[in-house]
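Here's the structure we're looking at; comments come further down.
Computed from a predicted model, the values in this text were never measured in an experiment. The basis for the numbers below is simple: all heavy atoms, side chains too, and nothing from hydrogens, waters or symmetry mates.
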Amino acid sequence: MDPNLLTLFKLSLIFVNMLMTRGLSDADGADQLFTQRPRLLQCNQTLLLLEMERCGERFSSDMNHVHPDDRCNLTHFIREYHVFSFCTEMNAERIGCFWPNPAVERFIISIHKHFFSNCSLEHVFLDPPDHTLTLLILVPVFLTLAMVLLVVWCSKRSDILA
């Protein structure tokens, strides 16, 4: 390679690196960021509960449009529940509270008790019988051991044949 071309390539790399690091560092705004103290919001529990009530009222009005027989099927009210969840999260963060926190959790549980208390699990999943569970565990273990033994045997066999 031509030495002048190599030198030109190195200089261009240094120039590109300098431009990238200057753009990423933002030295002009860095002084301002460190001189200002971050503004920390205190969690106002009263305001938080008022906002949760507003979210709950909207969810209640949305759920009134869902037939009571369909309230146990998530596909019928997933949009309303997403809006409710998003409302509680955004309001908690706006007020300066963590989400979820104990107050929000208690409110969400009360909403669940009100709207979904009659929902029961139709299909209760049980553990399989012990002999089935043992079989489901041991088959992959033995297959893994067999594959390891096969690989080791083939690698030793190929040394003999070569």
Side-chain angles (χ1 to χ4, degrees), residues 10-148 151:
K10 287 181 182 178
L11 286 174
S12 65
L13 282 178
I14 291 171
F15 180 71
V16 168
N17 188 21
M18 186 174 61
L19 286 176
M20 288 177 63
T21 54
R22 181 174 180 193
L24 293 175
S25 68
D26 190 25
D28 297 333
D31 296 336
Q32 293 175 355
L33 291 176
F34 291 116
T35 58
Q36 295 176 354
R37 295 189 66 190
R39 184 174 155 242
L40 298 175
L41 294 175
Q42 295 292 332
C43 182
N44 185 344
Q45 293 289 330
T46 306
L47 184 58
L48 177 67
L49 290 176
L50 287 174
E51 292 297 324
M52 294 303 112
E53 287 293 329
R54 286 190 189 137
C55 295
E57 288 170 4
R58 180 170 178 195
F59 182 69
S60 295
S61 67
D62 290 344
M63 287 299 287
N64 286 335
H65 299 292
V66 176
H67 193 273
D69 293 339
D70 295 331
R71 288 187 179 168
C72 294
N73 188 349
L74 187 63
T75 57
H76 291 282
F77 63 89
I78 187 69
R79 181 176 295 135
E80 291 85 0
Y81 193 82
H82 173 70
V83 169
F84 169 68
S85 178
F86 185 75
C87 178
T88 59
E89 184 176 357
M90 287 300 110
N91 283 322
E93 289 177 5
R94 182 180 53 82
I95 294 169
C97 302
F98 290 105
W99 187 90
N101 63 36
V104 174
E105 286 178 357
R106 282 191 299 274
F107 182 75
I108 291 174
I109 289 172
S110 70
I111 290 288
H112 278 238
K113 284 181 181 177
H114 181 265
F115 287 104
F116 312 118
S117 62
N118 293 332
C119 297
S120 62
L121 295 175
E122 294 174 6
H123 304 288
V124 178
F125 296 107
L126 300 173
D127 287 336
D130 286 341
H131 64 278
T132 307
L133 188 61
T134 304
L135 186 65
L136 288 172
I137 292 171
L138 290 180
V139 167
V141 170
F142 284 126
L143 282 175
T144 304
L145 288 174
M147 294 303 290
V148 168
V151 167

If every non-hydrogen atom of Cys119 is compared with every non-hydrogen atom of Arg71, which pair is closest and at what distance?
SG-O, 4.0 Å

Closest contact, heavy atoms only, Ser117 versus His114:
OG-O, 4.4 Å

With the side chain counted from C-beta on, respond yes when [X] and [Y] share a heavy-atom pair under 4.5 Å apart, and no when they do not.
| X | Y | result |
| --- | --- | --- |
| Glu51 | Phe107 | no |
| Ile108 | Phe84 | yes |
| Phe59 | Val83 | no |

Examine distances only and state if a side-chain atom of Asn64 and a backbone atom of Ser60 form a donor-acceptor pair shorter than 3.5 Å.
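The answer is yes, because a donor-acceptor pair under 3.5 Å joins these two groups.
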
Is the side chain of Asp70 donor-acceptor paired with the backbone N or O of Val66 at a distance under 3.5 Å, no angle test?
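No; judged by distance alone, with no hydrogens or angles, the pair does not exist.
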
Is it true that Glu57 and Arg54 make a salt bridge, defined as a side-chain N closer than 4.0 Å to a carboxylate O?
no

Say you draw a straight line from [atom1] of [X] to [atom2] of [Y]; how long is it, rounded to the nearest 0.5 Å?
| X | Y | atom1 | atom2 | answer |
| --- | --- | --- | --- | --- |
| Glu53 | Arg58 | CD | CZ | 16.0 Å |
| Asn44 | Ile95 | CG | CD1 | 7.0 Å |
| Asn91 | Cys55 | CG | SG | 4.5 Å |
| Ile111 | Met63 | CD1 | CE | 9.5 Å |
| Phe115 | Ser110 | CZ | OG | 9.5 Å |

Can you run down the side chain to side chain donor-acceptor pair (under 3.5 Å) pairs that involve residues 73-85, sequence neighbours left out, and say none if there aren't any?
Asn73-Thr75, Asn73-His76, Tyr81-His112

My understanding is that only residues two or more places apart in sequence, or in another chain, count here; which of them pass side-chain contact (heavy atoms from CB on, under 4.5 Å) with Leu74?
Phe77, Ile78

Taking distance alone, no hydrogens or angles, what donor-acceptor pairs closer than 3.5 Å link side-chain atoms of residues 125-145 to residues at least two apart or in another chain?
residue, atom, partner, partner atom, Å
Thr134, OG1, Asp130, O, 2.7
Thr144, OG1, Pro140, O, 2.7

